[in-house]
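Not measured: the values here are computed from a predicted model. First the proteins, then the strands, lettered A, B, ... as listed; each starts at 1.
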There are 2 protein chains.
Amino acid sequence: MTDHAHAFCCPDHSGAAPAEAILAQAEARARARGARLTPVRRRTLEILLEAHGALGAYDVLEKLAAEGYGTQPPVAYRALNFLVEHGLAHRIRRLNAFTACTHPGEDHRAAFLICAQCNSVTEATAPELSRALHAAARTAGFTIECSTIEALGRCSACTPA
Amino acid sequence: MTDHAHAFCCPDHSGAAPAEAILAQAEARARARGARLTPVRRRTLEILLEAHGALGAYDVLEKLAAEGYGTQPPVAYRALNFLVEHGLAHRIRRLNAFTACTHPGEDHRAAFLICAQCNSVTEATAPELSRALHAAARTAGFTIECSTIEALGRCSACTPA
DNA sequence: GCCTTGACTGTTATGATATAACAACAGATA
DNA sequence: TATCTGTTGTTATATCATAACAGTCAAGGC
């Protein structure tokens, strides 16, 4: 799943928001919400941050198990679900996978851009997009609780010039 | 999954676009694309059209099997994938389920509104939404091949007045 | 007519993803 | 200290999806 050669296709994980800062933010955010970022949970978030692209629950589990945490699926799913619930990670449904949130703290509704070639997942904040979706829902008399926006295609690095 | 009492929450399947018309359109569309809407495929589409909300592949399989078609998962998945590929049905990723396209023929990019209470799935055409997504992608240098937009919430019938 | 061809259907078997239910434990608190 | 709540880990199982292969059938070339 994450077997690409790691060239220039993963903008977020060598650049802008370094893992340590994100972890610190995550810690603060969890605290603020009365939730505990326990060792497994913290380590799970680190694993996601270290990854290129999104990771499946079983990929995460494998790493956790190798480090002495539990070896069974619920261990990974619980940690991942915790992170998702608290806005520290996102579930990418098209991939049955998870990715760290690259800007936790902000109350955002993101769209995910999934590169079919290098497997990178880019989180695009798009207020207008969210607005358009809510508008469309309102027209139908529908009240949105949460939404998923995912696009599959080619990232800038994988697009032939 | 589809065990609600069928009150007023499924706008599309007692109203606007009757199943027969959709089937006829589907037939025409398949023909036009050089594809064959064989008995299993047609019946699968009918099953989706008859359903309240979206159906899982195994739900569809159960019905097909009961009617003398194959009894194994690939039978359902193949038919469903055919329908999706030809724009006659949609995959709802959040539900691991499928739903008939309520307006085949139009080259649309739809958003799906999933009611958490009655399980209905409404297909909302939203040109602006699509436009906003493409715009957001372009900003990131990303080229979209296909996209998924799904929202979970309450439909009009399930929203307390 | 009949034979080749390619698409379709069905099967067995297996893989991949996800959760239910329970036991042990750790920290907070009355 | 006794108890409660939340967390972790386990076993077992449920759910979703596909690979690979064999038989079938309709359409077109000869």
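Between B:N96 and C:dT17, a side-chain N or O to OP1/OP2 separation shorter than 4.0 Å is absent. Here A:T71 does not reach the OP1 or OP2 of D:dG9: none of its side-chain N or O atoms lies under 4.0 Å away.
Atoms CD (B:E85) and P (C:dC8) sit 10 Å apart, rounded to a whole Å. If you measure from atom CZ of A:R93 to atom C1' of C:dT17, you get 12 Å, rounded to the nearest angstrom. Atom OH of B:Y69 and atom P of D:dC25 are 14 Å apart (whole Å).
In this structure, the nucleotide among D:dA17, C:dT19, C:dT11 sitting nearest to the side chain of B:P73 is D:dA17. Closest contact between the side chain of B:Y77 and the listed nucleotides C:dT19, D:dC16, D:dT10 involves D:dC16. Closest to the B:Q72 side chain, of the nucleotides C:dA18, C:dT12, C:dA20, is C:dT12. Among the nucleotides C:dA18, D:dC16, D:dT10, the one closest to any side-chain atom of A:R91 is C:dA18.
No chain of hydrophobic side-chain contacts below 4.5 Å, direct or via other Ile, Leu, Val, Met, Phe, Trp or Tyr residues, connects A:I149 to A:F112. Transitive grouping of hydrophobic side chains (ILVMFWY, heavy atoms separated by less than 4.5 Å) brings A:L113 and B:L129 into a common cluster.
Defined by atom type and a distance below 3.5 Å, a donor-acceptor pair is present between the side-chain atoms of A:T148 and B:R94.
Proximity of residues 36-46 of chain A to DNA chain D (heavy atom under 4.0 angstrom from any strand atom) is restricted to A:R36, A:T38, A:V40, A:R41.
Distance check, rounded to the nearest 0.5 Å: CZ of A:F142 to SG of B:C158 gives 9.0 Å. Considering CZ of B:R154 and CD of A:E145, their distance stands at 6.0 Å, rounded to 0.5 Å. Atom CG of B:L55 is separated from atom OG1 of B:T99 by 8.0 Å, given to the nearest 0.5 angstrom.
A donor N or O paired with an acceptor N or O is found under 3.5 Å between the base of D:dA17 and the side-chain atoms of B:Y58.
Each of B:A35 and B:G70 was assigned the nucleotide of DNA chain C with the nearest heavy atom; the assignment lying further toward the 5' end belongs to B:A35.
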